[in-house]
Amino acid sequence: MNNAVHTPCQLLESLNDEQKAAALYSGGPQLIIAGAGSGKTRVLMVKAVLLCTRFSVDPQHILCITFTNKAADEMKKRLASFNVTVTAKTFHAAAMSILNAHGGYLGLKRPIGVYDEQDQLELVKSCMDELHYDKKSINPGSAAEWISRQKDELIEPDAEAVGTERIYHSIYRLYQDKLTASNALDFGDLIMKAVALLKQYPDLCRHYREKYTHLLVDEYQDTNTAQAVLLKLLAGEGKNLCVVGDPDQSIYGWRGANLNNILYFEQSFPDVKIFKLERNYRSTDIILNATNALIKTNRNRRDKTLWTDLKGIHNVISYRVGSDRVEARQVCDLIEQHMENGTPLSEMAVFYRVHSLSRMMEEVMLERAIPYTIVGGLPFYQRKEIKDILCYLRVIVNPDDLIAWKRVLGVPKRGIGEKSIIKINEFAAENVIPFSDALIQCGSVPGVTAKARQGIASVVELVNSFKDEFQSQSWSTALEALLDQLCYQDYVLQNDLPEKAETRLDNIEVFKDALSEYQKEHPDAALADYLENIALRSSIDDWDTASERVSLMSLHSAKGLEFNIVYLIGMEERMLPLIRDIENAEDIEEERRLCYVGMTRAREQLYLFSSNWRSGYGRDIFSKPSRFLMELDPQTLEIRDLAGDREYSQWNKSKGKQRFKRFVEDAVACDEQFADMIDEFAPGDRVYHYDLGSGVIMGGSGAGEKKKYIVLFDGESKPRVVFASYAGLSKMDD
DNA sequence: GAAATGCAACTTTTT
DNA sequence: GTTGCATTTC
Ligand SMILES: Nc1ncnc2c1ncn2[C@@H]1O[C@H](COP(=O)(O)OP(=O)(O)OP(=O)(O)O)[C@@H](O)[C@H]1O
């Protein structure tokens, strides 16, 4: 925020007329649709201040909904400087508070556990085992994904099932039962249960409408159906509702985000007044022109105007390099240059489509001693050693947590295996008792060995005793005692290579510190509050903006941020647009939006990189430059060819451009043709192979281009694996 | 029930 | 090239 802005009045004056109008409007539901960097978030923040100072709204009645906890904290912090204290939360956190307060109506006991993705997957797997589904033919991950998408659409497990989805539905049903038995919710449930609660209890709904009379929602383009319904319940007619978003920045379709929420907003709130902000304050005209051209390539969109007064000096520079290592070195060279010229490291960021690209960057930055932070990747709390500890804490807090118990029983090894757990589970089901009670009664469960029984008894006792320990001592002290009793250190040292074991033990130390830190900051909090808190945390929330480091993050994490200088690496066909499966590459427009989001984070300078070669898990990947490079306004673009790739370096010249265009188009068309060519075979089909002759299909694995078949060729005794994409494989007519 | 071995999938993005 | 998973072996 501007340093000169101290009073609400100055704050209002810092806005342009469009923004002012939007900030001051109070005539009913309001939707602000505007492009990148047009000040949407800023308007929302000013609006909150004005509501309190000009319209005498009690800040307690204002609820801001943001996309991440980080954005919520940011909003609170900015408002605090105007002495305004509002509630700012993500949809999930808001739903959690509602359920914590009133979930009892739905039979939820406190504390409510929150299952993350890993827990979800484990639960799906155990459901599939119980239903005797083969985990090879049905991918548990896909089933988990499917269940989440159902919840995004508020589809209950008892909805009618059709066709192939019948299997998924049966898993969903059992999954939900087990989740309920565990007194836990997954992410989708948080929203879905909050919706159910408010629908079922109109009085409660009214209570919340009175509590939060004014609602401000950011990043609305990435909300799902369930969240829109929750918003509708909270907002009612939406008399004091203000929603902002940019359909061109919708990048979470794969996670169930529904663009119709914003495109057809008037269907939920008929009296809506739509505001547009057309002036961009973030980027130079060069960056803006470049990216405007890119996003205009999307056909499925409504056009917007976006202009700026900021004259840029630097073109967008696109490097073509020979390898990922050269790419990383080039990025580092530039970073060092800019650093010398006075740009702080915290004002530079490297973005990529997939986290794996951060590896090479990291390696080279270490070499060069450039300080960096990586946002995202495998979250800290999902690392094995941390998850082990968390599961102990979870069973201490919530004895019904099935997935946590499973982990606790097996770590460290105590002679309790899969069999015993299944037996106890069955016993619990037959006698309609909680899993934790079945554990206590394991003596009367048939089929559990004496060794297992002993093991179970000792864990149960351990967990029980630590219930008190965590009450009577500080958490970190109690945790230390717990780890001692478990001989966890020995367990780690035994099960991992020394180096790995060391990082694991280091991580545990970090966790301990975090735990005591939290307890210090929240002296009245229960252990369950801490667990809930970390369950709802995201990687970007822990990102330290202040530190003097270059930030490395995925394009998705970059949403809503801004930096002076942005380096976007891996701009290659099939990498940015990421295409893993040629057959259903329909999300190209979302990929383009993602690219747009990344590029529009840059204030002054934007560097793009594409590499001819890259090493991907053991294999070599050769790629052509991304089609998105071609879609940028060529006038703003400067090509630097470090790879001797003439095809690319000359494309900006008129002839070269034609050639390059054909070059990429050919690549795309070729992929599509390729996809068409792949035949589908079923086990038992007779096939003919150009080299190996005729045979019969035994089975298959992989998908798309990587689809493989197991074929038993005539006259051979052992089947062979052949690639489906091998053009010489064809079906024989009987 | 747990260790040893072999093999497949893995790297899409995350509240 | 690795990791986690499944099968085999003890
Ligand atoms: N009227 C204004 N005068 C000066 N600077 C402004 C004004 N409005 C917004 N800005 C600045 O422009 C930048 C972008 O604003 P903001 O983050 O609110 O935009 P946004 O529309 O939410 O962006 P995006 O959708 O790309 O995340 C910020 O640095 C903000 O301070």
Side-chain angles (χ1 to χ4, degrees), chain A residues 65-72 89-96 114-118 120-121 125 134-136 139-141 145 148 151-152 185-191 219 222-224 226-227 250-257 351-359 375-379 382 384 409-410 412-421 447-452 455 494-497 500 535-541 553-559 570 574-581 587 590-591 593-595 597-598 614-619 621 701-703 706 708 710 721:
Chain A
I65 303 218
T66 56
F67 192 71
T68 60
N69 296 302
K70 174 118 200 146
K89 290 183 162 153
T90 63
F91 267 108
H92 289 92
M96 189 77 221
V114 179
Y115 272 22
D116 70 14
E117 217 172 339
Q118 267 182 36
Q120 231 182 94
L121 187 61
K125 281 186 197 162
D134 177 19
K135 278 181 281 195
K136 263 175 291 174
N139 180 327
E145 185 84 2
S148 293
K151 294 184 174 185
D152 290 341
L185 302 174
D186 60 22
F187 278 113
D189 273 343
L190 288 172
I191 311 294
E219 307 277 18
D222 276 321
T223 51
N224 60 37
Q227 289 166 333
S250 162
I251 54 175
Y252 283 91
W254 53 272
R255 199 179 76 182
F351 299 155
Y352 34 77
R353 176 65 238 259
V354 298
H355 279 298
S356 58
L357 296 193
S358 69
R359 275 193 124 171
V375 176
L378 181 66
Q382 283 184 27
K384 203 157 97 224
L409 290 168
K413 299 257 182 298
R414 323 180 161 79
I416 311 163
E418 195 71 18
K419 272 267 161 58
S420 308
I421 293 178
V448 177
T449 61
K451 202 170 148 206
Q494 265 168 36
N495 285 281
D496 278 305
L497 297 160
K500 262 229 170 100
L536 297 178
R537 271 201 110 57
S538 71
S539 50
I540 195 95
D541 300 335
M553 66 183 83
S554 70
L555 287 164
H556 283 90
S557 301
K559 179 189 179 98
R574 290 195 171 206
M575 181 55 120
L576 187 51
L578 184 75
I579 301 169
R580 33 192 333 225
D581 182 356
D587 281 356
E590 183 156 307
E591 294 290 317
R593 291 194 293 267
L594 187 56
C595 185
V597 167
R614 182 176 295 289
S615 76
Y617 51 103
R619 233 188 250 115
I621 303 170
S701 66
K706 283 179 295 190
K708 281 167 272 184
I710 301 159
V721 177

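Reckoned from all heavy atoms, side chains included, excluding hydrogens, waters and symmetry mates. A note on names: the letters A, B, ... follow the listed sequences, proteins ahead of strands, and every chain is numbered from 1. Here the structure is a predicted model, which means the values were calculated and not measured.
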Of the listed C:dC5, B:dT14, B:dT12, the closest approach to the A:Arg255 side chain comes from B:dT14
Side-chain atoms of A:Glu117 come closest, of B:dT14, B:dT15, C:dC5, to B:dT14
Indicate, with a heavy-atom threshold strictly under 4.0 Å, whether A:Tyr252 touches base, sugar-phosphate, or nothing. sugar-phosphate
Whole-Å distance separating the CZ atom of A:Phe91 from the C1' atom of B:dT15: 11 Å
Starting at CD1 of A:Ile579 and ending at P of B:dT12, how long is that distance when rounded to a whole Å? 13 Å
Spacing of A:Leu409 atom CG relative to B:dG1 atom P, expressed in whole Å: 12 Å
Name the nucleic acid region contacted by A:Lys559, choosing base, sugar-phosphate or nothing; use a 4.0 angstrom heavy-atom cut-off, strictly under. nothing
Nearest-Å distance, OH (A:Tyr352) to C1' (B:dT13)? 12 Å
My understanding is that only residues two or more places apart in sequence, or in another chain, count here; which of them pass side chain to side chain contact (heavy atoms under 4.5 Å, CB included) with A:Ala535? A:Val114
Where does the angle between the aromatic ring planes of A:His92 and A:Phe187 fall among parallel (under 30°), tilted (30 to 60°) and perpendicular (over 60°)? perpendicular
Could you work out, with salt bridge (Lys or Arg N to Asp or Glu O under 4.0 Å) as the rule, every residue matching A:Arg593, not counting sequence neighbours? A:Glu590
Options B:dT14, B:dT12, B:dT15, nucleotide nearest the side-chain atoms of A:Val354: B:dT12
Do A:Ser148 and A:Glu117 have a side chain donor and acceptor closer than 3.5 Å? no
What is the distance, to the nearest angstrom, from the CD atom on A:Gln118 to the P atom on B:dT15? 15 Å
So, does A:Ser554 get its side chain near the phosphate of B:dT14, meaning an N or O under 4.0 Å from OP1 or OP2? yes
If you compare every side-chain N and O of A:His92 against the phosphate oxygens of B:dT14 (OP1, OP2), does one of them come in below 4.0 Å? no
Please state whether the rings of A:Tyr252 and A:Trp254 are parallel, tilted or perpendicular, taking 30° and 60° as the class boundaries. tilted
Position toward the 5' end of DNA chain B (nearest nucleotide), A:Thr90 or A:Asn139: A:Asn139
Nucleotide nearest A:Phe187 (side chain, heavy atoms from C-beta), chosen from B:dT11, C:dC5, B:dT15: B:dT15
Starting the side chain at C-beta, find the nucleotide from B:dT14, B:dT12, B:dT15 nearest to A:Thr68. B:dT15
Measuring only the C1' atom in each nucleotide, how far is B:dT11 from C:dA6? A whole number of Å is fine. 22 Å
Integer-rounded Å distance: B:dT14 C1' and A:Asn224 CG: 12 Å
Nearest-nucleotide check on DNA chain B, A:Phe67 vs A:Glu591; residue mapping nearer the 5' end is A:Glu591
With the side chain counted from C-beta on, respond yes when A:Asn69 and A:Thr90 share a heavy-atom pair under 4.5 Å apart, and no when they do not. yes
What nucleotide among B:dT13, B:dT11, B:dT15 has an atom nearest to a side-chain atom of A:His556? B:dT13
Rounded interatomic separation in angstrom, taking CZ from A:Arg593 and P from B:dT13: 18 Å
Between P on B:dT13 and CD on A:Glu145, what's the gap in Å once rounded to a whole number? 12 Å
